[in-house]
Amino acid sequence: MKPIKEGKVREIYDNGDSLIMVATDRISCFDVILKNDVTKKGTVLTQMSRFWFDMTKDILPNHMISTDVKDMPEFFRTPKFDGNSMMCKKLRMLPIECIVRGYITGSGWASYQKDGTVCNIRLPEGLKESDKLPQPIYTPSTKAEIGDHDENISYEQSIDHLEKYFPGKGEEYAAKLRDCTLALYQKCADYALTRGIIIADTKFEFGLDENDELVIGDEMLTPDSSRFWPADQYEPGHGQPSFDKQFARDWLKANPDNDWTLPQEIVRKTIDKYLQAYEMLTSERL
């Protein structure tokens with residue numbers, strides 16, 4: 001079998017009336033696929049998504065059917081696919097990345113320093129880097145092809161963008177995406193805090209099922225799609241230590257002649273962080 005689509009990290013296979021999504025051990029930073037593999041990373045991504053999908057079914061259905069390769073065609077019943085593969089419903093994906101920010105950091109902090117706004121949303125004066133926001137904010141973006149950069153857009157622009165693909169439905173879908181994004185973040189961020197992890201921000205993707213009902217797709221609240229911070233070390237006023245690929249991003253920024261290759265020590269520290277976050281959140285060992 002050959003994948004019908006390859007993303008920066010995932011490969012998608014057509015399985016007739018379903019899809020099989022394989023999270024590889026590739027790692028991407030700044031929209032570039034790095035030359036290193038990070039062993040077990042794909043398993044962490046798939047199993048963490050499984051954990052959150054199970055937890056949030058009361059808010060919104062998701063696309064997961066099974067993560068057991070015994071439920072998949074024989075091609076997938078090998079160690080290469082065991083643990084990092086998910087059989088999913090086919091969805092018509094909505095062309096918006098649904099980003100929610102609970103704390104001010106990264107590109108949001110850079111924007112706030114410039115003019116006091118994040119994605120055209122005016123924030124209170126006097127915030128420090130990594131401060132918790134008075135309430136989480138929804139900052140959608142368009143979805144770019146591999147190699148291009150996603151473009152931040154306002155909520156109003158998201159209505160127009162969706163209207164192009166779904167005439168007459170732009171406003172309805174934009175509101176649903178915003179409301180579901182904020183509800184999912186609130187539930188999961190509250191839970192994570194009880195496990196010692198701050199979810200500073202994250203992104204969700206949604207699609208429509210065969211009945212045109214909204215469904216969570218892609219991945220959910222993984223270290224690839226979120227910023228996870230250790231709560232016991234949280235201290236506003238500067239950048240925070242993190243459980244995600246910020247480790248790799250920071251090294252790349254500090255070493256501009258990197259040729260998109262990480263040293264093995266940074267690779268090892270990155271997967272150690274992913275595994276630590278998984279174990280803290282789920283109380284399971286991989």
Side-chain angles (χ1 to χ4, degrees), residues 7-12 19-29 37-69 71-72 76 80-89 97-100 102 180-181 183-206 215-231 241-249 267-286:
K8 291 190 276 277
V9 171
R10 282 174 179 69
E11 295 172 350
I12 298 175
L19 296 173
I20 293 170
M21 199 163 73
V22 177
T24 70
D25 289 338
R26 296 193 293 266
I27 183 168
S28 80
C29 293
D37 278 351
V38 179
T39 306
K40 280 190 96 163
K41 176 174 165 284
T43 300
V44 174
L45 299 184
T46 297
Q47 297 305 318
M48 198 173 276
S49 289
R50 173 191 58 78
F51 173 78
W52 293 117
F53 284 149
D54 282 339
M55 182 188 283
T56 54
K57 284 187 286 201
D58 60 326
I59 295 177
L60 199 68
N62 59 71
H63 70 163
M64 179 174 68
I65 298 170
S66 176
T67 56
D68 189 340
V69 291
D71 297 330
M72 302 178 199
F76 295 95
K80 178 184 174 185
F81 295 109
D82 195 4
N84 64 340
S85 304
M86 183 181 289
M87 187 189 293
C88 307
K89 295 174 190 166
E97 299 236 317
C98 297
I99 298 160
V100 55
C180 289
T181 294
L184 290 165
Y185 173 76
Q186 199 64 65
K187 175 169 185 168
C188 297
D190 288 350
Y191 166 81
L193 212 45
T194 70
R195 311 295 304 177
I197 288 180
I198 290 169
I199 302 175
D201 53 36
T202 192
K203 75 171 176 69
F204 301 111
E205 295 193 34
F206 299 88
V215 174
I216 313 170
D218 197 53
E219 63 182 320
M220 185 173 179
L221 285 160
T222 70
D224 264 20
S225 64
S226 321
R227 279 190 179 90
F228 293 157
W229 297 339
S242 68
F243 289 108
D244 48 51
K245 62 183 178 183
Q246 199 59 37
F247 218 112
R249 285 192 199 105
V267 171
R268 184 179 53 76
K269 285 181 175 175
T270 298
I271 192 57
D272 285 351
K273 287 288 181 194
Y274 276 54
L275 288 166
Q276 186 186 358
Y278 178 82
E279 288 167 17
M280 285 175 71
L281 287 166
T282 67
S283 303
E284 299 168 10
R285 285 182 74 83
L286 281 179

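None of these values were measured; they are calculated from a predicted model. As a basis for the values below, the full set of heavy atoms in this structure was taken, side chains included, without hydrogen atoms, waters or symmetry mates. In what follows, residues are counted from 1 in the order of the sequence shown.
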task = List the steps, then state whether side-chain contact (heavy atoms from CB on, under 4.5 Å) holds for Thr39 with Ile271.
result = CA-CA 7 Å; Thr39 306; Ile271 192 57; 5.9 Å; no

For the student: nearest non-hydrogen atoms of [X] and [Y], plus distance:
X	Y	result
Ile59	Ala183	CD1-O, 3.7 Å
Glu279	Leu286	OE2-N, 4.4 Å
Val22	Ser85	CG2-OG, 3.6 Å
Thr43	Asn84	N-CB, 3.7 Å
Arg195	Met280	NE-O, 2.9 Å
Met72	Thr67	CE-C, 4.0 Å

I'd like to know if the side chain of [X] and the backbone of [Y] have a donor-acceptor N/O pair within less than 3.5 Å.
X	Y	result
Lys245	Ser28	yes
Lys41	Tyr274	no
Ser49	Glu219	no
Thr202	Ser225	yes
Arg26	Gly7	yes
Lys40	Leu275	no
Ser242	Trp229	no

Sub-4.5 Å side-chain heavy-atom contact between [X] and [Y]:
X	Y	result
Asp201	Val100	no
Arg10	Leu45	yes
Arg268	Asp272	yes
Asp71	Ile65	no
Met220	Cys188	yes
Trp52	Asn62	no
Phe81	Ile20	no
Leu221	Phe51	no

Rounded to the nearest 0.5 Å, what separates atom [atom1] in [X] from atom [atom2] in [Y]?
X	Y	atom1	atom2	value
Gln276	Lys269	CD	NZ	13.0 Å
Arg50	Asp68	CZ	CG	11.0 Å
Met55	Tyr191	CE	OH	4.5 Å
Ile216	Cys98	CD1	SG	10.5 Å
Met21	Met87	CE	CE	13.0 Å
Asp82	Phe76	CG	CZ	12.5 Å

request  = Using distance alone, with no hydrogens and no angle criterion, decide if Gln186 and Asp190 have a side-chain donor and acceptor under 3.5 Å apart.
outcome  = yes

Worked verdict on Ile198 versus Leu193 for side-chain contact (heavy atoms from CB on, under 4.5 Å) = CA-CA 6 Å; Ile198 290 169; Leu193 212 45; 3.7 Å; yes

ask   = Taking the six-membered ring for Trp, are the ring centroids of Phe228 and Phe243 within less than 6.0 Å of each other?
value = no

ask   = Asp224 and Lys8: salt bridge (charged side-chain N to carboxylate O under 4.0 Å, His left out), yes or no, with the steps?
value = CA-CA 11 Å; Asp224 264 20; Lys8 291 190 276 277; over 6 Å; no

